[in-house]
Protein chains: 2
Amino acid sequence: MKPDTASDTSQPAQVSDDRLRGLLGYRLRRASNAVQADLAETLKPFDLRMITYTALVLVVDNPGLSQSQLAAAMDVERPNLVVIVDELERRELITRDRVPTDRRTYALNATLAGRRLCDQAESAVRQHEARIFGTLLEEERSLLARGLLHVIAQRTGES
Amino acid sequence: MKPDTASDTSQPAQVSDDRLRGLLGYRLRRASNAVQADLAETLKPFDLRMITYTALVLVVDNPGLSQSQLAAAMDVERPNLVVIVDELERRELITRDRVPTDRRTYALNATLAGRRLCDQAESAVRQHEARIFGTLLEEERSLLARGLLHVIAQRTGES
DNA sequence: TATTGTTATACTCTATAACTATA
DNA sequence: TATAGTTATAGAGTATAACAATA
């Protein structure tokens, strides 16, 4: 199909994305991608991905929680959580313990190695956050945090 | 492997994610996910995904740009852009025009239908942005925008 | 019947190597 | 030789259906 105006076959010297830049959602996504990329690098030395780090933190902070509870907290489908828990268990960072009162569920608990790795990773993550957000003034940071919370609240029950 | 403390086999009544909530990056990701989910719903009636909408906007605003330029602007690998351009071309929203001076490259141009769809979608996207960010005060919104820009700048050349 | 964990599967998004045709 | 577009492919991440064991 021919375009409905004269075809422009000369390439622009500079591509303009002004219209997209005007969207706060676009800026939000770019900022989120930037932070996630930096976080991924931060966690790499610990052989953790963002999703395995999140799972490990939640198990450390909530000893005995079930896979269903963990999946709900992470907003991940149960089948997808299985491989994550498999990996953490294989690395002996957490254990799957049978619950005597309900033999369907596993109680997840962090091992000493798991808690240690979690501590080390958290220290690196704090440095990562300081690197990215530390150059903002305290007030700017808290306004950013409030603004983000507001956005999350607009869409209830979103991950 | 046995955990290194007494195993807790009682499930917590409430799962705490306080430690993750304390991270600005975590909040940023949740906010971004929430906005993207809402944007996806917003674009669905136009049969556009976020990535096809982005491509369409850039072609409309930069007539004649090449696929390489578009890929660079979107921070998408060239091979992955092919299917996006294929789809927009098949739907006769854009055209691939041969460039006489360099027969390797295609100049991308929006059709009238493409520009019309882009206009309609933009109107819906503006409403979506108003729905999510409109309840913030003007000053809060601009502080959020500045904070996000700052974050993006910390990681140069990030999508 | 309903729930927990699991398997299998599929679909999207993304990343890389290698090809073709042009320059 | 280098570049634009393409093909094939592989890896994440995510979603659904269906099953076994248990309640």
Side-chain angles (χ1 to χ4, degrees), chain A residues 9-12 15 29-30 32-33 36-37 39-41 43-44 47-55 59 64-90 94-108 158-159, chain B residues 9-12 15 29-30 32-33 36-37 39-41 43-44 47-55 59 64-90 94-108 158-159:
Chain A
T9 57
S10 65
Q11 284 74 60
V15 176
R29 198 191 97 242
R30 286 177 51 108
S32 174
N33 285 353
Q36 283 188 235
L39 179 60
E41 280 177 26
L43 292 175
K44 205 164 195 176
D47 203 10
L48 290 170
R49 288 165 297 146
M50 206 177 48
I51 202 160
T52 50
Y53 173 67
T54 303
V59 172
L65 90 169
S66 69
Q67 292 188 198
S68 292
Q69 286 182 311
L70 182 55
M74 294 175 65
D75 200 17
V76 161
E77 295 300 320
R78 266 60 45 111
N80 298 327
L81 185 68
V82 173
V83 296
I84 297 166
V85 171
D86 279 351
E87 182 185 331
L88 293 175
E89 187 188 35
R90 183 184 47 74
I94 67 172
T95 56
R96 275 193 251 235
D97 307 317
R98 274 289 179 205
V99 176
T101 55
D102 185 343
R103 289 185 41 76
R104 290 173 304 180
T105 85
Y106 285 111
L108 303 176
E158 202 54 46
S159 74
Chain B
T9 57
S10 64
Q11 284 73 59
V15 176
R29 198 192 96 241
R30 286 177 50 110
S32 175
N33 284 352
Q36 283 189 235
L39 179 60
E41 280 176 25
L43 292 175
K44 205 164 195 176
D47 204 10
L48 290 170
R49 288 165 297 144
M50 205 177 48
I51 204 162
T52 50
Y53 172 68
T54 302
V59 172
L65 90 169
S66 69
Q67 292 188 195
S68 291
Q69 286 182 310
L70 182 55
M74 294 175 64
D75 200 18
V76 161
E77 295 300 321
R78 267 61 43 111
N80 298 326
L81 185 68
V82 172
V83 295
I84 297 165
V85 171
D86 279 350
E87 180 185 332
L88 293 174
E89 188 188 35
R90 182 185 47 74
I94 67 173
T95 57
R96 276 193 250 234
D97 306 318
R98 274 289 178 205
V99 176
T101 55
D102 186 342
R103 289 184 40 79
R104 291 173 304 180
T105 86
Y106 285 111
L108 303 176
E158 202 55 44
S159 72

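Residue numbers begin at 1 in each chain, while the letters A, B, ... track the order of the sequences.
- To the nearest 0.5 Å, atom CG of residue A:Leu39 and atom OH of residue A:Tyr53 are 8.0 Å apart.
- Taking atom CG of A:Asn33 as the reference point, atom P of D:dG13 lies 14 Å away to the nearest angstrom.
- The overall bend of the helix from C:dT1-D:dA23 to C:dA23-D:dT1, read as the angle between its terminal helix axes built from five base pairs each, is 10° when rounded to 10 degrees.
- By the 4.5 Å heavy-atom criterion applied to side chains, B:Ile84 and B:Leu81 are counted as neighbours.
- For A:Asp97 and C:dG5, the CG to C1' distance is 15 Å, given to the nearest whole Å.
- Between B:Gln67 and D:dT6, a side-chain N or O to OP1/OP2 separation shorter than 4.0 Å is present.
- Across the protein-nucleic acid pair, A:Tyr106 atom OH and C:dT3 atom C1' stand 15 Å apart, rounded to whole Å.
- Between A:Arg96 and C:dT4 there is no side-chain N or O to OP1 or OP2 distance below 4.0 Å.
- Side chain of B:Gln36 to main chain of B:Asn33: no donor-acceptor pair is present (N/O by atom type, distance under 3.5 Å, no hydrogens or angles).
- Atom CD1 of residue A:Ile51 and atom CG of residue A:Asn80 lie 7.5 Å apart, to the nearest 0.5 angstrom.
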Below 3.5 Å between N/O atoms, which protein atoms pair up with nucleotides 9-13 of chain C? Just atom names and distances, please.
from: C:dC13; atom 1: OP2; to: B:Arg49; atom 2: NH1; distance (Å): 2.4

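- OP1 or OP2 of C:dG5 lies within a sub-4.0 Å distance of a side-chain N or O belonging to A:Ser68.
- Each of B:Val83 and A:Val85 has a nearest nucleotide on DNA chain C; the 5'-most of these lies closest to A:Val85.
- From B:Thr101, atom OG1 reaches atom CZ of B:Arg103 across 11.0 Å, with rounding to the nearest 0.5 Å.
- Within the 4.5 Å cutoff, side-chain heavy atoms of B:Arg49 are placed close to those of B:Glu87.
- Heavy-atom distances to DNA chain D give each of A:Pro79 and A:Met50 a nearest nucleotide, and the one nearer the 5′ end belongs to A:Met50.
- Between the side chain of A:Thr54 and the backbone N or O of A:Met50 there is at least one donor-acceptor pair closer than 3.5 Å.
- Look at CZ on B:Arg78: it is 11 Å from C1' on C:dA15, rounded to the nearest Å.
- Considering only side-chain N and O atoms, A:Gln69 lies nowhere under 4.0 angstrom from the phosphate OP1 or OP2 of C:dT4.
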Pairs under 3.5 angstrom, nitrogen or oxygen only, protein versus nucleotides 20-23 of chain D, please.
from: D:dT22; atom 1: OP1; to: A:Arg103; atom 2: NH2; distance (Å): 3.3
from: D:dA23; atom 1: OP1; to: A:Arg103; atom 2: N; distance (Å): 2.8

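- In this structure the side chain of A:Val85 reaches within 4.5 angstrom of the side chain of A:Arg96, judged on heavy atoms.
- The backbone N or O of A:Gly64 sits less than 3.5 Å from a side-chain atom of B:Gln11, completing a donor-acceptor pair.
- Put simply, CD on A:Glu77 is 14 Å from C1' on C:dG5, counting in whole angstrom units.
- Between A:Leu70 and A:Leu108 there is a side-chain heavy-atom pair separated by less than 4.5 Å.
- Side chains of A:Ser32 and A:Arg29 form no contact here, defined as non-hydrogen atoms less than 4.5 Å apart.
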Q: Apply side-chain contact (heavy atoms from CB on, under 4.5 Å) to the pair B:Leu88 and B:Val59, showing each step before the final yes or no.
A: CA-CA 10 Å; B:Leu88 293 174; B:Val59 172; 5.6 Å; no
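- What separates CD1 of B:Ile84 from C1' of D:dG5 is a distance of 14 Å, to the nearest Å.
- As rounded to whole Å, 16 Å separates atom C1' of C:dA15 from atom CE of B:Met74.
- For B:Leu81 and D:dG5, the CG to P distance is 9 Å, given to the nearest whole Å.
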